[in-house]
Amino acid sequence: MPELPEVERFRRYLAQTSLHQTVEQVSVTDRRILHGVTVRGLGAALKGGQFARTARHGKYLLAELNRGGWLVLHFGMSGRLQQFRFLEGRPPHSRVIVRFQNGVHLAFVCMRMFGEVSLTAGPDALVAERRLGPDALAVTRAAFLEQLDGRTGMIKPILMNQRVVAGLGNLYADEILFQARIHPETPVRRLGRERLGRVFSVMRRVLRLAVRRHAQIDAYPSSYLLPRRGDDQPCPRCGRKLVRSVVGGRGTYHCSACQRRPRG
DNA sequence: AGTACCACCTGACGGC
DNA sequence: TGCCGTCAGGTGGTAC
């Protein structure tokens, strides 16, 4: 489920493998993955050009084309990038394949088809088009607090709202609230400035560690909730069995002892 | 503004 | 064995 840390890993992968290589061919094996662009349009934009640099905003990965415009990749919940040499070795569910002049291919792989490939004028244009909030790793404390100011909903769905802050999904929202010791259903207006400031600090710490560890969950500290999602696992902090529930329509894990539901 | 619900999609998994 | 329903999740749409 690519959230900010995974997308950052993909961004680095794209930068390391594919910058300044001339695109020779683009093949779209499932056009449903394209949004707002045709197969021809995508080919025309990419073919003969090069990726000049990469950017990321929230869960969106962008690559600037040296002849103008930016490629936009969103990974949905099963998307990833995979380089390969020979077509016979292409990964299953490759939806868009870019072949470079050096013979290397780069596939946009997306089993469940929730991802998207599109074009935009640039990062700012993308943010405006999708009405994205500030990136979760770039936002300042003041801007973060301002985004939450006046909201009345539950903290977890608000953290996952890409228009409030861009980059957090279901898993990292749970992790952040666990480490901040806040119940996921707590109304934001019940959280004072101090506790919201703690959410901000924890968010930064969690995301930076996740990026540093390449979003490899089994490399996270044993104090983290993420490796414990699933069947009847104990709270890493107090050992009680974690609670699974549904918050804002999403499967949610929390510790009923460490994350007290606010009373009244 | 918030929430509840649906849709999109496909592989995994449990039940019979 | 094999068919079936259900679930997961990011996003975006609907109605209330």
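So you know, we letter chains A, B, ... as the sequences are listed, proteins then strands, and number each from 1.
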S.K.: So Leu226(A) and Tyr172(A), do their side chains get closer than 4.5 Å, heavy atoms only?
M.R.: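 Heavy-atom side-chain distance check passes, below 4.5 Å.
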S.K.: Ring of Phe114(A) versus six-membered ring of dC8(B): centres under 5.5 Å and planes under 30°?
M.R.: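 The ring of Phe114(A) is stacked on dC8(B).
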S.K.: Starting at OH of Tyr253(A) and ending at P of dG9(C), how long is that distance when rounded to a whole Å?
M.R.: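 Whole-Å distance recorded here is 8 Å.
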S.K.: If you check the Arg32(A) side chain, which of dC9(B), dG11(B), dT11(C) turns out closest?
M.R.: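 Looking only at side-chain atoms, Arg32(A) lies closest to dC9(B).
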S.K.: Check the distance between dT11(C)'s P and Ile158(A)'s CD1 and give it to me in whole angstrom.
M.R.: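 Result: 16 Å.
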S.K.: Can you tell me how far P of dG10(C) sits from NZ of Lys156(A), to the nearest Å?
M.R.: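 Between P of dG10(C) and NZ of Lys156(A): 9 Å.
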S.K.: If each of Met77(A) and Arg130(A) is mapped to the nucleotide of DNA chain C with the nearest heavy atom, which maps nearer the 5' terminus, i.e. the 5' end?
M.R.: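 Residue closer to the 5' terminus by nearest nucleotide: Met77(A).
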S.K.: Please check if the side chain of Glu129(A) supplies one atom and the backbone of Val127(A) the other of a donor-acceptor pair under 3.5 Å.
M.R.: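 No, because the side chain of Glu129(A) does not come within donor-acceptor range (under 3.5 Å) of the backbone of Val127(A).
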S.K.: Given atom CG of Leu171(A) and atom C1' of dA8(C), what is their separation to the nearest angstrom?
M.R.: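 Rounded to the whole Å, the gap is 11 Å.
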S.K.: Any donor-acceptor pair under 3.5 Å joining the side chain of Arg112(A) to the base of dA8(C)?
M.R.: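 Such a pair is found, so the answer is yes.
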S.K.: Ignoring backbone atoms, test whether His35(A) places a side-chain nitrogen or oxygen under 4.0 Å from the OP1 or OP2 oxygen of dG12(C).
M.R.: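 Negative; the distance criterion is not met.
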S.K.: Relative to the 5' end of DNA chain B, which residue comes earlier, Arg151(A) or Met111(A), by the nucleotide with the nearest heavy atom?
M.R.: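 Looking at DNA chain B, the more 5' nearest nucleotide goes with Arg151(A).
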S.K.: Between dT10(B), dG12(C), dG10(C), which nucleotide gets closest to the side-chain atoms of His74(A)?
M.R.: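 Nearest nucleotide to the side chain: dG10(C).
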S.K.: Taking atom C1' of dG12(C) as reference, at what distance in whole Å does atom CZ of Arg131(A) sit?
M.R.: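 In whole Å, dG12(C) C1' and Arg131(A) CZ are 11 Å from each other.
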S.K.: Run Arg163(A) and Gln147(A) through side chain to side chain donor-acceptor pair (under 3.5 Å) and show every step you take.
M.R.: CA-CA 9 Å; Arg163(A) 295 180 178 183; Gln147(A) 286 296 99; over 6 Å; no
S.K.: To the nearest Å, give me how far apart CZ (Phe75(A)) and P (dC8(B)) are.
M.R.: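 After rounding, the gap between these two atoms is 24 Å.
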S.K.: May I ask you to evaluate whether Thr152(A) reaches the phosphate of dA1(B), defined as a side-chain N or O under 4.0 Å from OP1 or OP2?
M.R.: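 For dA1(B), neither OP1 nor OP2 has a side-chain N or O of Thr152(A) closer than 4.0 Å.
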S.K.: Have a look at Gly248(A) and say if it touches a base, only the backbone sugar-phosphate, or nothing, with a 4.0 Å heavy-atom cut-off.
M.R.: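 If one applies the 4.0 Å heavy-atom cut-off, Gly248(A) turns out to touch nothing in the nucleic acid.
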S.K.: Identify whether any heavy atom of Gln162(A) sits under 4.0 Å from a base atom; if not, whether one sits that close to sugar-phosphate; answer base, sugar-phosphate or nothing.
M.R.: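 Gln162(A): backbone/sugar contact only, no base atoms under 4.0 Å.
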S.K.: Considering only side-chain heavy atoms of Met154(A), which listed nucleotide, dG11(B), dT3(B), dG10(C), is closest?
M.R.: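 Of the candidates, dT3(B) comes closest.
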S.K.: To the nearest Å, give me how far apart CZ (Arg250(A)) and C1' (dA8(C)) are.
M.R.: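 Atom-to-atom, Arg250(A) to dA8(C), this comes out as 9 Å.
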S.K.: Following the transitive rule for hydrophobic clusters with a side-chain heavy-atom cut-off under 4.5 Å over Ile, Leu, Val, Met, Phe, Trp and Tyr, establish whether Phe200(A) and Ile155(A) coincide in one cluster.
M.R.: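 Phe200(A) and Ile155(A): one cluster.
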S.K.: Is the Phe75(A) to Phe108(A) ring centre distance short of 6.0 Å?
M.R.: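 Yes, the ring of Phe75(A) comes within the 6.0 Å limit of the ring of Phe108(A), centre to centre.
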S.K.: Between P on dA1(B) and CG on Asn161(A), what's the gap in Å once rounded to a whole number?
M.R.: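 In whole Å, dA1(B) P and Asn161(A) CG are 11 Å from each other.
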